[in-house]
Structures are given as structure tokens and as C-alpha cells.
Amino acid sequence: WFVGYTPDLVTAVWVGYPEGRREMDDVDGRPVTGGSIPAEIWASFMRAALGDSEAVDFERPEGLRNASVCAETGQIATEWCTETLRGLFLSGATPAPCATHAGPETVVVPELIGLTKERAVAELAALDLTAQLSEEEVRGVAAGIVARQDPVTGTELEPGSAVRVTVSTGVRPPQQPRAVFSVSPAEPLAGQPVSFDAAGSSATGQIVRFVWEFGDGASAEGVQTTHTFTAPGDYDVILWVTDTFGQTTSSARRIVAR
């Protein structure tokens with residue numbers, strides 16, 4: 001069977017065997033479904049029945065309202081639903097508020113120790129957390145670098161919570177460490193592993209930490225590392241080095257992956 005309608009006319013078509021319920025596997029060489037012969041009969045009839053009628057649009061009846069609903073549950077969206085859709089409902093029959101997202105979800109406090117103050121504040125802001133900053137001389141930690149955090153990494157907090165961040169005002173030695181790195185191949189292809197080597201970096205004492213940021217959200221540690229850019233584009237690769245005095249400096253280079 002097939003049923004279809006316009007604002008003026010509703011028509012239903014049924015085909016089958018009056019004497020009993022039998023499958024229509026072979027009618028003129030083809031099986032019959034609602035969208036085959038019944039739909040063809042419906043279209044032929046409707047063209048003839050409405051041939052002289054003026055086309056009109058459907059009018060929205062009274063008693064309906066639009067509402068934003070949670071894409072996951074189908075219930076009325078709350079401020080904590082991450083994906084929503086627009087739905088049309090009878091005025092007296094709208095769903096209940098979403099029970100799955102009835103309150104804020106928790107976020108996990110990230111590792112901040114060793115980051116610059118600016119980077120730590122940015123990472124907290126991206127998680128809808130705020131930074132309560134204080135400065136203190138911390139031996140072995142360079143100025144401007146986070147030395148302590150409270151609560152510790154991995155703690156679950158509600159969005160909007162504050163994290164106490166202590167930034168070192170440590171005394172710098174006369175000479176900053178020097179961050180230098182090479183890239184091979186210099187013009188990589190997307191999907192091709194790229195080698196990064198920071199062996200040319202130097203410091204008054206000794207470099208104790210090498211941290212790489214690849215411009216696509218990925219990072220790594222070590223004097224030498226490899227990374228694959230999955231899509232073509234321009235990527236600002238940053239090498240951070242920290243020496244035995246706790247000083248941290250960086251070097252950046254733009255890599256174009258084709």
C-alpha cells in the first residue's frame with residue numbers, strides 16, 4: 001500500500017489478491033512494494049485529480065510550538081546539553097527537561113607545572129576553569145614558569161572552579177639556553193613522518209628537558225622525535241628547552257606540509 005497527501009486531497013492505494021494473503025514476488029516480472037506499483041497508481045491518480053487545482057502550501061495549525069531538544073535524549077534541552085535540535089510539538093505535550101544533562105559535567109585539572117604562566121592560564125580557560133595566580137621565588141624553577149598547582153593534576157572540578165597557580169620568580173643565570181632544531185625533510189608531505197632533532201641546542205649548564213609542540217595540538221618530549229602531519233597546511237612548530245638552572249626558552253619554525 002501507499003498513502004500520500006496534499007493540502008487538498010489524501011489518497012491511499014492498496015494492491016493485492018482479494019482471495020487471500022499472498023506475496024507479490026512477480027508481477028509483470030518484478031516484485032511489488034509500496035513504493036512501486038501502488039506509488040505509481042497514486043501518482044497517476046493524483047495528477048488527474050488535481051490537474052486543474054492551484055498549488056497551495058500546507059498551513060501550520062494552531063496548538064504547536066517549537067522547542068530546542070537534546071540531540072542525545074530528545075528531551076527539552078538544558079544549558080548543559082552539548083548538541084541540540086529544533087523540534088515541533090503539541091503545545092501541551094512537550095517533553096520533560098533533559099535528565100541526562102541536568103547539571104554541569106566535571107572537568108579534569110591538567111598538568112600545569114613546567115608551563116609558562118600564559119600557557120597555564122590559557123589551558124585552564126579552555127576548560128572553563130580560572131587561574132588564581134601568585135608569584136614566589138622557587139629554587140630551580142625559571143621565572144615565569146609554573147612551580148606548583150592546587151588542586152593537583154587529575155582532580156575533577158565543576159566548570160567555573162578556580163585552580164591556584166604558583167609562578168616562579170627565580171633568578172636567571174647570565175646566559176639563556178639556546179634552542180635550535182633541524183627538520184627532515186624540510187618540505188614534508190601530509191601523512192609522511194618528519195624527523196625533528198634538537199641536538200644543536202646549548203646551555204650554560206645542561207639542558208634537562210626538550211618539549212615539542214607541533215602546531216596541530218600534538219606534543220612530544222626528547223632531544224629527537226618524529227611527527228606526522230595528517231593534513232596539508234602551515235604548522236608552527238615550537239621547541240621548548242629547560243636547563244639545569246630552571247631556565248626555559250623556545251625556538252619556533254613554520255613547517256609547510258603539502
Side-chain angles (χ1 to χ4, degrees), residues 78-83 101-181 196 198 200-225 227 229 233-255:
T78 69
E79 61 181 294
W80 298 286
C81 295
T82 57
E83 295 185 29
H101 307 109
E105 298 181 0
T106 59
V107 293
V108 178
V109 177
E111 174 68 54
L112 303 175
I113 296 174
L115 300 181
T116 63
K117 177 178 69 174
E118 294 76 11
R119 181 68 181 274
V121 171
E123 289 207 7
L124 291 175
L127 296 172
D128 196 18
L129 298 173
T130 59
Q132 288 184 348
L133 296 170
S134 62
E135 294 187 345
E136 180 180 329
E137 183 177 340
V138 180
R139 183 177 298 274
V141 181
I145 302 300
V146 176
R148 289 190 293 271
Q149 67 179 83
D150 182 27
V152 297
T153 303
T155 303
E156 293 189 3
L157 298 176
E158 292 186 357
S161 300
V163 177
R164 291 179 289 278
V165 178
T166 302
V167 180
S168 174
T169 60
V171 179
R172 299 177 183 271
Q175 184 177 346
Q176 286 271 6
R178 182 169 175 261
V180 177
F181 66 93
F196 296 88
S201 301
S202 60
T204 302
Q206 181 181 2
I207 297 178
V208 295
R209 191 181 186 197
F210 298 80
V211 178
W212 303 86
E213 296 177 359
F214 298 108
D216 57 1
S219 61
E221 292 193 25
V223 179
Q224 297 162 333
T225 188
H227 181 69
F229 299 101
D234 296 354
Y235 299 92
D236 291 325
V237 177
I238 303 175
L239 167 65
W240 296 85
V241 298
T242 303
D243 64 12
T244 49
F245 295 97
Q247 289 193 122
T248 297
T249 191
S250 65
S251 177
R253 181 183 301 182
R254 174 156 294 185
I255 304 299

Just by distance, do the side chain of [X] and the backbone of [Y] share a donor-acceptor pair under 3.5 Å?
| X | Y | result |
| --- | --- | --- |
| S201 | V180 | yes |
| Q149 | P110 | yes |
| E111 | I113 | yes |
| E213 | D236 | no |
| S168 | V141 | yes |
| T78 | H101 | yes |

Kindly give the heavy-atom pair with the smallest separation between [X] and [Y], and that separation in Å.
| X | Y | value |
| --- | --- | --- |
| F214 | F229 | O-CE2, 3.3 Å |
| P177 | D243 | CD-OD2, 3.5 Å |
| T249 | R178 | CG2-N, 4.3 Å |
| Q247 | Q175 | NE2-O, 3.0 Å |
| P151 | A162 | CD-O, 4.4 Å |
| A179 | V241 | CB-CG2, 3.7 Å |

State, yes or no, whether a side-chain contact exists between [X] and [Y] at a heavy-atom distance under 4.5 Å.
| X | Y | answer |
| --- | --- | --- |
| H227 | D216 | yes |
| V165 | L124 | yes |
| F210 | T225 | no |
| V107 | D128 | no |
| V167 | L133 | yes |
| I145 | T242 | no |
| F181 | W212 | yes |

Checking T248 against V211 for the side-chain contact (heavy atoms from CB on, under 4.5 Å) test, could you report, in this order, the C-alpha distance in whole Å, the side-chain angles of both residues, the deciding distance, and whether it holds?
CA-CA 10 Å; T248 297; V211 178; over 6 Å; no
Taking atom OG1 of T166 and atom CD of E135, what is their separation to the nearest 0.5 Å?
10.0 Å
Counting heavy atoms not belonging to E221, are there more than 12 under 6.0 Å from its CD?
yes
Tell me, with the steps shown, if F196 and L239 meet side-chain contact (heavy atoms from CB on, under 4.5 Å).
CA-CA 10 Å; F196 296 88; L239 167 65; over 6 Å; no
